[in-house]
Amino acid sequence: MTSIRTRIAPSPTGDPHVGTAYIALFNRCFAHQHKGQFILRIEDTDQLRSTSKSEQDILASLRWLGLDWDEGPDCGGEYGPYRQSERSAIYQDHIKILLDKGHAFHCFCSSERLDALRKEQMEQKQQLGYDGHCTHLTAEEVTQKLEAGEEHVIRMKIPEQGDCEFEDLLRGKVNISWSQIDMQVLMKSDGLPTYHFANVVDDHLMQISHVIRGEEWINSVPKHVLLYQYFEWEPPVFCHMPLLRNPDKSKLSKRKNPTSINYYRDMGYLPQALVNYLGMMGWTMPSGEEKFSIEAMTEAFDISRVSLGGPIFDTEKLDWLNGKYLREDLDDISFAQAFATWAFAQDRVARIVPLIKQRVERLSDVADIAHLFVAGLVSVDEATFAHKKLSKEDSLAILQFTLWKLEALPDFERETVEQCLQELAQTLDLKIRDFLFPLFVAISGKPVSVSVIESISILGLDISRARIRHAIEILGGISKKQAKQLEKDFRAM
Ligand code: GLU
């Protein structure tokens, strides 16, 4: 039997998402259950959106969860490089194969032409997609255009008729009509591959036997299957996992639920509890046991038992499970150690101590001030937000605008946060002291505290966001209508 190889292929374009950890867990269980390998590949072909900070965060958070990998950009392996930006020559070689075989073609259409085509298709209520214009160019015309240096992309050809039929491990046969599939761009005008092309080439070259990924990719399978056929390669087994959902059944989104793994770490969840909880998404242990380790899950794993009903990611259930871990798995000494490691990480302490030292006369004064750094949400009431120069609406606007600004920051260094808040205060024509007041209350629960700018910088986006959102709720929340107006004002700034 060929060996079982699975992979997780995150794009480093933002916070490490719990959905990535969920898919990593199932891939890892499946591979290790079969004594195979679990691989981590970084799909960073979108140069504008990919950042190395996001890549580092993804690696660190998966490692924190104990979801380590057998081959990857950090530890290497036989099939590297494991970062797509380092594999350009491989994609160049492979696109030549498809061009030579006539399965791909150069497309010189301008964005104006493509926009007009799209508009027309929308007006005529036709299927959107490329109309094959450049498939009619002769070989001489293509050569001439290339020699003249005309900007172009490379697209794949798609059958004009019939259906694509493929097997999904959990769904059985799936049929998708070719008429719904666009002549996908494989190589962009910058010479870099698109997701679809690089993903298939790499899955093949890295000998991935099973592609286990989120359901959102199922409509891409026809393009992938066709690429395997064009290359005359054996396709892997496809398995699309159900998407995680908010308690109201909508797709898990950060508007309704924290989605960053960092949030769960910073809130003081134990990694083994979070992994266990992710293992309950679409999966139940044959024994019915709800508390289980990754090793136990790997041993009992049977992918065909994954249920397709959308699993609900419910933080209340996670709280219950985490509490169980804290009580049952940690004796008093390990509990104290776990708390100390979480609360007093050295780099944090180094920043917190100078803030506290200035304000205390006795060591017994410390806990009261330090509380804000070792809490999740802080308790706060509406009356504390009362301020002579700011109405409740002003405070709500300040909190919401700050949140949007913080979410867009490239980093959380003190200077970056400070500059961002100062600019916002200026735009709102407020004195910095007045502007910062609702933030003081939201972040610390008190009208006066240590520097709120420094606090936000130390706490980071996830905890700051949770507290600001909590404060907005305490102040009565923002209606849909108000949110629309605020968004408009924000964009006009
Ligand atoms: N880069 C894709 C992502 O970000 C990978 C999808 C796949 O697993 O094929 O999710």
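Computation of the quantities below employed the complete heavy-atom set of this structure, encompassing side-chain atoms and omitting hydrogens, waters and symmetry-equivalent molecules. In each ligand, atom 1 is the first atom listed, and ligand 1 is the first ligand listed. All residue numbers in this chain count up from 1 along the given sequence.
- Contact annotation: Arg7 has at least one heavy atom less than 4.0 Å from an atom of ligand 1.
- Using a 4.0 Å cut-off between a side-chain N of Lys or Arg and a carboxylate O of Asp or Glu, Asp44 and Arg49 do not qualify as a salt bridge.
- Near Arg213, meaning under 4.0 Å from one of its heavy atoms, ligand 1 places the atoms 7 (C), 8 (O), 9 (O).
- The protein atom (non-hydrogen) at minimum distance from atom 5 (C) of ligand 1 is Ala9 O, 3.2 Å.
- Put simply, CG on Asn246 and NZ on Lys254 are 13.0 Å apart, with the number rounded to the nearest 0.5 Å.
- Nearest protein neighbour of atom 4 (O) of ligand 1, counting heavy atoms only, is Ser11 OG, 3.2 Å.
- Here Asn199 has side-chain heavy atoms under 4.0 Å from ligand 1, and that is the only part of it that gets that close.
- Closest protein heavy atom to atom 9 (O) of ligand 1: Tyr195 OH, 2.7 Å.
- Applying the ring-ring contact (aromatic ring centres under 6.0 Å, His included) criterion to Tyr82, with sequence neighbours excluded, gives no partner residue.
- Given atom 10 (O) of ligand 1, the protein heavy atom at minimum distance is Trp217 CZ2, 3.5 Å.
- Nearest protein heavy-atom contact of atom 1 (N) of ligand 1 is Glu43 OE1, 2.6 Å.
- Using a 4.0 Å cut-off between charged side-chain N and carboxylate O, Asp462 and Arg465 make a salt bridge.
- When the side chain to side chain donor-acceptor pair (under 3.5 Å) test is applied to Arg469, no partner is found at least two apart in sequence or on another chain.
- A distance of 9.5 Å separates CE in Met187 from OH in Tyr91, rounded to the nearest 0.5 Å.
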